[in-house]
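Step one of this worksheet: look at the structure below.
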Amino acid sequence: MTLPSIFQGKLKIPVIAAPMFLVSGTDLVINACKAGVVGTFPALNARSTDEFADWLDQIKGALQEEDAPYGVNVPLSAHRRARLAEDLAIMKSREVPLVITSIGNPKEIVEEIHSYGGLVFHDVTTLRHARKAAQAGVDGLILVCAGAGGHGGTLNPFAFVEQVRPFFDGTIVLAGSIGTGRAVRAAVTMGADLAYVGTRFIATKEALGPEGYKDMLVSEATDDVVYTDAISGLNANFMASSLMENGLDPKNLPKPKAQFQPDLPDGLTAWRDIWSAGQGVGLINDIPPVRTLVERMAADYNAAE
Ligand SMILES: Cc1cc2nc3c(=O)[nH]c(=O)nc-3n(C[C@H](O)[C@H](O)[C@H](O)COP(=O)(O)O)c2cc1C
């Protein structure tokens, strides 16, 4: 176990409520941290750097010393980094405790975040990227496995975790279809320090996003999750019902024009119109408040000891 000191004694269960585009806002983050899991959100969910600063101030203002720490996700990829420099300055000024980077090389920001004592965790889907991020000096690796919501990977968690631990002595976070306390216990037993839970937190009262999205998470089955690059231009998991509601045939989807350039009918947008879910969607039967979900997961987690 390699749990950084900022998490010690603060978590009811070793879980990060994962950052999700158009889903994670201040309400979800604050309630997650108060319930005893790490609450996070993508910086780009705030529409401007000023709004991002406001969100951070709201979160910092609401959290007490005993609450779990929070985190922010920033994309490093060329097509989404327009705000990176400004958002980074804001994160440094607010001393964001955990920065989660995705797509790209985290090397460029590690030193800046370390300069104020912050931690950097990086999303990876392959062993090659895991080695590269470890060399860049990140504090944690998030192993995004097959069946994860959003841009899920293709590796099996048993193969992935066991091969990362020998070369990485930082924090290992496991992602992909984790939605119950028993699964969190399994992740820890496999060698992960923390579980990364996305899809399950969309179906909570505090998540942003339309009620129709949350209801679809309750009705959709695991077999209906479609892994395709047609919607965002990079392989990701989407609900077949959402594809069909938008007039798309899950068995005959348009090929993207290039990476991150899907060829969708006019007006249709990934994430906003076409809803993502990981394979764990089949485990979702209700839309509780975050605290109820965390308490339920903690009870399962403790019972599975
Ligand atoms: C709707 C949705 C939006 C997401 N948006 C982001 C994002 O903006 N940045 C990011 O790093 N990961 C994003 N993810 C991935 C999650 O952070 C996390 O890796 C994933 O949800 C974990 O798998 P699970 O959904 O099976 O629990 C998103 C996932 C979903 C379902």
Side-chain angles (χ1 to χ4, degrees), residues 3-75 80 82-102 109-110 112-121 139-140 142 171 173 194-198 200-210 214 287-295 297-298:
L3 205 58
S5 57
I6 63 160
F7 299 120
Q8 283 170 20
K10 301 283 175 69
L11 304 184
K12 197 171 172 78
I13 178 170
V15 163
I16 297 176
M20 292 180 283
F21 189 51
L22 306 182
V23 170
S24 328
T26 49
D27 235 19
L28 181 55
V29 172
I30 292 167
N31 283 286
C33 295
K34 288 199 169 290
V37 300
V38 181
T40 69
F41 70 99
L44 297 182
N45 276 0
R47 274 160 304 180
S48 63
T49 297
D50 283 347
E51 190 177 61
F52 176 48
D54 278 354
W55 281 25
L56 291 180
D57 292 340
Q58 273 181 53
I59 292 167
K60 279 171 74 95
L63 295 183
Q64 313 283 325
E65 180 58 31
E66 66 270 19
D67 296 328
Y70 71 95
V72 170
N73 163 240
V74 287
R80 286 179 79 196
R83 266 175 44 189
L84 185 62
E86 283 181 355
D87 285 354
L88 202 53
I90 296 292
M91 290 196 295
K92 284 172 76 172
S93 70
R94 281 14 180 224
E95 303 198 338
V96 170
L98 172 64
V99 176
I100 296 171
T101 51
S102 49
I109 74 157
V110 165
E112 293 201 59
I113 303 302
H114 283 174
S115 70
Y116 66 82
L119 298 173
V120 179
F121 286 8
D139 307 281
I142 302 167
T171 305
V173 188
L194 293 162
Y196 206 56
V197 180
R200 186 60 190 89
F201 278 100
I202 310 174
T204 59
K205 297 262 183 281
E206 293 89 339
L208 302 172
K214 299 179 186 181
I287 306 167
V290 167
R291 179 173 290 277
T292 307
L293 176 62
V294 171
E295 282 170 358
M297 289 177 79

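Owing to the predicted nature of the structure, the values given are computational and were not obtained by experimental measurement.
- Looking only at distances, no side-chain donor or acceptor of Asp27 sits under 3.5 Å from a matching main-chain atom of Glu206.
- Between Pro289 and Asn31, every side-chain heavy-atom pair lies at or beyond the 4.5 Å cut-off.
- Rounding to the nearest 0.5 Å gives a distance of 11.0 Å between CD1 of Ile109 and CG of Asp87.
- Glu95 CD to Tyr116 OH: the interatomic distance, rounded to the nearest 0.5 Å, is 7.5 Å.
- Each of Leu98, Val38, Leu63 was evaluated against Tyr70; a single residue qualifies, Leu63, per the side chain to side chain contact (heavy atoms under 4.5 Å, CB included) test.
- Put simply, the side chain of Tyr196 reaches to within 4.5 Å of the side chain of Pro19, judged on heavy atoms.
- Remark: Asp139 pairs with His114, Leu119, Val120, Phe121 by the side-chain contact (heavy atoms from CB on, under 4.5 Å) rule, at least two apart or across chains.
- Looking at heavy atoms from C-beta onward, Trp55 lies out of side-chain contact with Val29 at the 4.5 angstrom threshold.
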Check: Can Lys205 and Lys214 be said to form a side chain to side chain contact (heavy atoms under 4.5 Å, CB included), step by step?
Finding: CA-CA 9 Å; Lys205 297 262 183 281; Lys214 299 179 186 181; 5.6 Å; no
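- Using a distance-only test at 3.5 Å, with no hydrogens or angles considered, a donor-acceptor pair links the side chain of Lys34 to the main chain of Ala62.
- Within 6.0 Å of the NZ atom in Lys12, the count of heavy atoms belonging to other residues, nucleotides or ligands does not exceed 12.
- Here the closest heavy-atom approach between residue Ala68 and residue Val37 is recorded as CB-O, 3.4 Å.
- The distance from the CZ atom of Arg291 to the CG atom of Leu293 is 12.0 Å, given to the nearest 0.5 Å.
- In plain terms, the two heavy atoms of Ala17 and Ala32 that are nearest each other are CB-CB, 4.3 Å.
- Here the CD-CD1 distance, from Glu51 to Ile90, works out to 12.5 Å after rounding to the nearest 0.5 Å.
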Between Asn73 and Thr40, is the side-chain hydrogen bond (donor to acceptor under 3.5 Å, both in side chains) condition met? List the steps. CA-CA 7 Å; Asn73 163 240; Thr40 69; over 6 Å; no
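- Scanning for side-chain hydrogen bond (donor to acceptor under 3.5 Å, both in side chains) contacts around Glu86 gives Thr49, with sequence neighbours left out.
- Atoms OG1 and CD1, from Thr171 and Ile142 in turn, are 10.0 Å apart once rounded to the nearest 0.5 Å.
- The two residues Leu88 and Glu112 make their nearest non-hydrogen contact at CD2-OE2, 3.4 Å.
- Considering every non-hydrogen atom in both Phe41 and Ser24, the closest pair reads CB-O, 3.5 Å.
- No donor-acceptor distance shorter than 3.5 angstrom exists from the side chain of Arg83 to the backbone of Val74, with no hydrogens or angles considered.
- Taking all atoms of both residues into account, the shortest heavy-atom contact from Phe201 to Val197 is CD1-O, 3.4 Å.
- How far CG of Leu28 is from CD1 of Ile202: 10.0 Å, rounded to the nearest 0.5 Å.
- Considering all non-hydrogen atoms of both residues, Pro75 and Leu44 come closest at CG-CD1, 3.8 Å.
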